[in-house]
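Worksheet: the structure to be examined is printed underneath.
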Amino acid sequence: MNDVVDKQVVELMRVSPLAEELAERFASAGHRLYLVGGSVRDALLGRRSGDLDFTTDARPDRVLKIVSEWGDAVWDVGIAFGTVGVTKKGMQLEITTFRADSYDRVGRNPEVTFGDSIEGDLLRRDFTVNAMAVELASKTFIDPHDGLSALREKVLDTPATPQESFADDPLRMLRAARFAAQLDFTAAPRVVDAMTSMAGEIDRITAERVQAELSKLLLAPDPRPGLELLVDTGLADRVLPEVPGMRLAIDEHHQHKDVYEHSLTVLAQAIDLEKTHEPTSEPDLILRLAALLHDVGKPATREFQPGGGVSFHHHEVVGARMARKRLRALKFSKEIIDDVSQLVFLHLRFHGYGKGEWTDSAVRRYVTDAGPLLTRLHKLVRADCTTRNRRRAAALRATYDDLEARIAALKAKEDLDRVRPDLNGEQIMELLGLKPGPDVGKAWKFLKELRLDRGPLEHDEAVAELKKWATENGVGDA
């Protein structure tokens, strides 16, 4: 075995003695157990994988019997597809019987057929870097499709022809883009050709599965290579058409080839800010979606001005609507849809701040409209500065620093995170002699606007303003 492989397999066995323990149980029962797929790939890359995937010649009912007394928990929800799950000492393991599936090439669900050899099982896998295995009892490395060379060269290729592989399961085309982002791999030319010619096949895949792959891609350390692969092959036209659509619009600052390039830059800068500006512990899917989609409304709102200028009036309004529609079609959760579209809607608001001309009222409204998204909005607005003019970039940063300082100062004096009227609904009804109904809501809204404009009021002042409003509007007993 190659020295590199030897070292990585030994390290893997040291990190996961459970694999060796499980292999001994299978050997005692007369079966072979192989570590396979992403677990082997990650071990060879020096990456630790939280879960381990195995394959075996044992049939599913036999696997169930072997692990039932060994695992802390065992589940068989995937047993019809040959997979038995086991939890042991906090680790999740999946053991799947050799597969030799056939596909009808209409959907993506295979007709499950169990195989008899590890070589046959590896042939049906998506990419050669995922078609390597280690026979655990003997620690024998198995690589019939030269996945190790592909791993060294950082190339994504398929064990069978890409046309066969993608016809069997078109989702693999999105997986290619996802691995390009996650692992910084390059798709082989024949893979790119097949993805381009077969892009329409992705329509066979459900929106939920497409969304899952896109989310994993966006959460990668550098999503750009994966997004570019989707756009260049035409797959993005099928699953996220608003992104390639931005190539039609020229950015108003003329600092980027087009809005598409600008958006990829904003995405990269937003990712940098995840850790450096109010750090978070995990990649932020909502922020990343908002960064990618923040300018999707520009193509629809582009207007050419006299003298060669370009404007995109209200592109944030149109963009928020477009983002909501696309995310809904991709079956994202309501929370993600609402948050991303609100960030897209708000991302331009800061540009009205000028050199600090906003009143305290305007600052309060900025904070209130952002609500719990304020930290993400800070990051998105900062990321949206992509000018190459260093003086202008520094000025924008300083201006946003000033806005954040004003927000902090107001928060120190007022509870900006929960702006409420100075009188509640019960007090409004008592003071105006009202019963529950629309007039109470109107009065509450008036007091909320007053609170945003003037900040907290003394009780008597709030009562006087309410009664004055009620008199002017013929509401209640006032």
Side-chain angles (χ1 to χ4, degrees), residues 16 18-19 21-23 25-26 29-43 49-127 129-136 142 159-160 165-166 168-175 178-179 182 204-216 331:
S16 185
L18 290 179
E21 186 179 326
L22 187 60
R25 291 187 65 86
F26 273 79
H31 295 286
R32 291 184 175 183
L33 186 69
Y34 302 80
L35 191 68
V36 71
S39 301
V40 177
R41 179 200 69 221
D42 287 346
S49 182
D51 300 329
L52 298 177
D53 294 326
F54 302 88
T55 189
T56 179
D57 59 329
R59 293 304 191 248
D61 56 345
R62 184 76 171 143
V63 174
L64 202 56
K65 186 174 182 180
I66 293 171
V67 302
S68 60
E69 295 180 358
W70 176 78
D72 296 330
V74 177
W75 65 96
D76 61 359
V77 291
I79 200 165
F81 296 95
T83 299
V84 174
V86 189
T87 299
K88 181 76 171 180
K89 296 180 180 179
M91 287 201 71
Q92 184 171 304
L93 320 175
E94 286 195 349
I95 306 155
T96 303
T97 300
F98 293 158
R99 296 268 290 271
D101 303 335
S102 60
Y103 292 78
D104 61 11
R105 299 188 175 179
V106 175
R108 74 177 288 265
N109 291 328
E111 180 182 333
V112 177
T113 305
F114 299 128
D116 298 310
S117 71
I118 184 63
E119 291 78 12
D121 182 86
L122 296 177
L123 178 63
R124 55 170 285 278
R125 293 183 178 265
D126 54 4
F127 301 105
V129 294
N130 294 331
M132 300 178 284
V134 176
E135 201 278 307
L136 292 169
I142 301 164
S165 182
F166 300 155
D168 281 347
D169 185 359
L171 190 65
R172 290 171 174 171
M173 295 187 287
L174 294 188
R175 286 169 62 84
R178 191 240 295 180
F179 285 132
Q182 287 181 330
R204 290 161 44 192
I205 304 301
T206 65
E208 289 85 355
R209 289 185 178 274
V210 169
Q211 180 247 102
E213 285 299 325
L214 288 177
S215 295
K216 291 175 184 177
K331 308 296 184 182

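The basis for the numbers below is simple: all heavy atoms, side chains too, and nothing from hydrogens, waters or symmetry mates.
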How close do I66 and A29 get, heavy atom to heavy atom, and via which atoms? CD1-CB, 3.8 Å

For D53 versus L35, what's the shortest heavy-atom pair and its separation? O-CD1, 3.4 Å

Quick one: list whatever passes ring pair (Phe, Tyr, Trp, His ring centres under 6.0 Å) with F98, sequence neighbours left out. Y34

Here the gap from L33 atom CG to R25 atom CZ, rounded to the nearest 0.5 Å, amounts to 12.0 Å

Please give me the minimum heavy-atom distance between D121 and R124, naming the atom from each residue. O-CG, 2.8 Å

For E208, I'd like to know if atom CD has over 12 heavy atoms of other residues, nucleotides or ligands within 6.0 Å. yes

All heavy atoms of D116 vs all of R59, minimum pair found to be OD1-NH2, 3.2 Å

Supply the atom-to-atom distance I205 CD1 to L174 CG, rounded to the nearest 0.5 angstrom. 8.0 Å

Per salt bridge (charged side-chain N to carboxylate O under 4.0 Å, His left out), D126 is matched among R172, R178, R175 by R175

Let me confirm one number: the CE-CG distance from M91 to L52, rounded to the nearest 0.5 Å. 4.0 Å

Quick one: are E94 and V84 in side-chain contact, heavy atoms under 4.5 Å? no

Apply the test side-chain contact (heavy atoms from CB on, under 4.5 Å) to residues E135 and I142: give CA-CA distance (whole Å), side-chain angles for both, the deciding distance (0.1 Å), then the verdict. CA-CA 7 Å; E135 201 278 307; I142 301 164; 4.3 Å; yes

Is T206 close to V210 at the side-chain level, that is, under 4.5 Å between some pair of heavy atoms? no

Any side-chain heavy-atom pair of F127 and S165 under 4.5 Å: no

Under a 3.5 Å distance rule, please check whether Q92 uses its side chain to pair with a backbone N or O of T87 as donor and acceptor. no

Distance (rounded to the nearest 0.5 Å) between F179 CZ and K216 NZ: 8.5 Å

Does the side chain of F54 come within less than 4.5 Å of L22's, by heavy atoms? yes

Main-chain N/O of W70 paired with K88 side-chain donor or acceptor, under 3.5 Å: yes

Exercise: identify the closest heavy-atom pair between M132 and V40: O-CG2, 3.8 Å

Nearest 0.5 Å, what's the CZ-CG distance between R41 and N130? 4.5 Å

Would a 4.5 Å heavy-atom cut-off, applied to side chains only, mark L18 and K89 as touching? yes

Taking every heavy atom of L122 against every heavy atom of P159, the minimum-distance pair comes out as O-CG, 3.9 Å

Nearest-0.5 Å distance, CG of residue D61 to OG1 of residue T97: 8.5 Å

Is the shortest side-chain heavy-atom distance between T55 and I95 below 4.5 Å? no

V63 side chain near T56 side chain, heavy-atom distance below 4.5 Å: yes

